[in-house]
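Taking it in order: structure first as structure tokens, then the write-up.
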Amino acid sequence: QVQLDESGGGLAQAGGSLRLSCAASGRTFETSPMGWFRQAPGKEREFVAVISWGGRSTIYADSVKGRFTISRDVNKNTVSLQMNSLKPEDTAVYYCAGSLPGSSNYVPRLKGQYAFWGQGTQVTVSS
């Protein structure tokens, strides 16, 4: 079983940057794709980014391409989301999520493809 714990959320100005971190534990983490989702009040949880367990493949939502970067350090059991050029529309609770093991290039993008979720961390971007 995988346990996930996000940190790094907070308040930023438009155009600023934040870095989110997710500490993971559990025997399935080393071969599990890791993703980031976000949910704003009154909206559905949406996909942000995913990285394969091998770290070679990444996918980003169109809304964050060129601004966000996902990375992982398997040795340290962490996955991060570097968020640059923040916009007020990025305001949401951000969740770290883990999928079940797959191929080294597996990069799921649907909520139903993830089995493990962190508690979420609030990101607020002011204009």
Side-chain angles (χ1 to χ4, degrees):
Q1 185 176 346
V2 175
Q3 290 182 296
L4 306 175
D5 186 15
E6 305 98 331
S7 62
L11 178 66
Q13 293 183 330
S17 299
L18 285 174
R19 184 177 179 86
L20 306 183
S21 182
C22 176
S25 62
R27 288 170 290 181
T28 63
F29 173 74
E30 294 182 356
T31 56
S32 298
M34 300 296 296
W36 287 94
F37 289 75
R38 66 187 183 185
Q39 186 169 21
K43 299 183 66 177
E44 297 181 2
R45 191 169 300 184
E46 65 177 358
F47 169 78
V48 175
V50 59
I51 185 168
S52 63
W53 72 261
R56 305 181 192 92
S57 299
T58 58
I59 292 179
Y60 298 90
D62 289 340
S63 59
V64 305
K65 284 182 179 178
R67 300 189 298 120
F68 291 9
T69 302
I70 188 171
S71 62
R72 73 186 300 169
D73 189 330
V74 177
N75 188 47
K76 296 181 179 180
N77 292 328
T78 59
V79 59
S80 299
L81 185 70
Q82 178 66 45
M83 305 184 294
N84 298 326
S85 301
L86 285 166
K87 304 175 181 180
E89 63 196 67
D90 294 320
T91 296
V93 176
Y94 283 70
Y95 297 90
C96 179
S99 179
L100 294 176
S103 72
S104 61
N105 296 319
Y106 181 48
V107 282
R109 287 167 278 183
L110 303 177
K111 295 189 296 291
Q113 295 176 296
Y114 289 82
F116 312 104
W117 298 85
Q119 82 286 352
T121 185
Q122 176 71 46
V123 171
T124 302
V125 183
S126 62
S127 60

If you compare all heavy atoms of [X] against all heavy atoms of [Y], which two are closest, and at what distance to 0.1 Å?
| X | Y | result |
| --- | --- | --- |
| Pro108 | Gln113 | CB-OE1, 3.4 Å |
| Ser57 | Asn105 | OG-OD1, 3.3 Å |
| Glu6 | Cys96 | OE2-N, 2.7 Å |
| Leu18 | Leu86 | N-CD1, 3.9 Å |
| Val50 | Pro33 | CG2-CB, 4.4 Å |
| Tyr95 | Gly118 | CD2-O, 3.5 Å |

Is there a path from [X] to [Y] through hydrophobic residues (I, L, V, M, F, W, Y) whose side chains come within less than 4.5 Å of each other?
| X | Y | value |
| --- | --- | --- |
| Phe68 | Phe47 | no |
| Trp36 | Val107 | no |
| Val93 | Val79 | no |
| Tyr60 | Met83 | yes |
| Tyr114 | Leu4 | no |

Taking atom CZ of Arg45 as the centre, does the number of heavy atoms from other residues, nucleotides or ligands within less than 6.0 Å exceed 12?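 Result for CZ/Arg45: enclosed.
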
Test Arg38 against every option in Glu44, Glu46, Glu89 by the salt bridge (Lys or Arg N to Asp or Glu O under 4.0 Å) rule and name the one that passes.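 Testing Arg38 for a salt bridge (Lys or Arg N to Asp or Glu O under 4.0 Å) against Glu44, Glu46, Glu89 leaves exactly one candidate, Glu46.
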
Kindly state whether the ring of Phe37 and the ring of Trp117 have centres lying under 6.0 angstrom apart. yes

Does the side chain to side chain contact (heavy atoms under 4.5 Å, CB included) test come out yes or no for Val123 and Leu11, once each step is laid out? CA-CA 6 Å; Val123 171; Leu11 178 66; over 6 Å; no

Determine, for Lys87 against Asp90, whether the closest basic-nitrogen to carboxylate-oxygen distance falls under 4.0 angstrom.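 No, this pair does not count.
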
Cation-pi check, Arg72 onto Trp53 ring (under 6.0 Å, within 45° of axis): no

When you compare the side chains of Asp5 and Gln3, does any donor N or O come within less than 3.5 Å of an acceptor on the partner? no

Will you find, in the side chains of Asn84 and Ser17, an N or O donor that is under 3.5 Å from an N or O acceptor? yes

Any Ser104 side-chain heavy atom under 4.5 Å of Arg56 side chain: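 Yes - at least one pair of side-chain heavy atoms lies under 4.5 Å apart.
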
Any side-chain heavy-atom pair from Thr91 and Gln122 closer than 4.5 angstrom? yes

Side chain to side chain contact (heavy atoms under 4.5 Å, CB included) between Ser99 and Phe116, intermediate numbers included: CA-CA 7 Å; Ser99 179; Phe116 312 104; over 6 Å; no

Test side chain to side chain contact (heavy atoms under 4.5 Å, CB included) on Thr69 and Leu81 and set out the steps. CA-CA 6 Å; Thr69 302; Leu81 185 70; over 6 Å; no

Would Ser21 and Gln82 satisfy side chain to side chain contact (heavy atoms under 4.5 Å, CB included), going step by step from the backbone distance to the final call? CA-CA 9 Å; Ser21 182; Gln82 178 66 45; over 6 Å; no

Reported CD-to-OG distance for the pair Gln13 and Ser127, which is rounded to 0.5 angstrom: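 Reported to 0.5 Å precision, the distance equals 9.5 Å.
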
Euclidean distance, Ile51 CD1 relative to Ser32 OG, rounded to 0.5 Å: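 Output value for this atom pair is 13.0 Å.
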
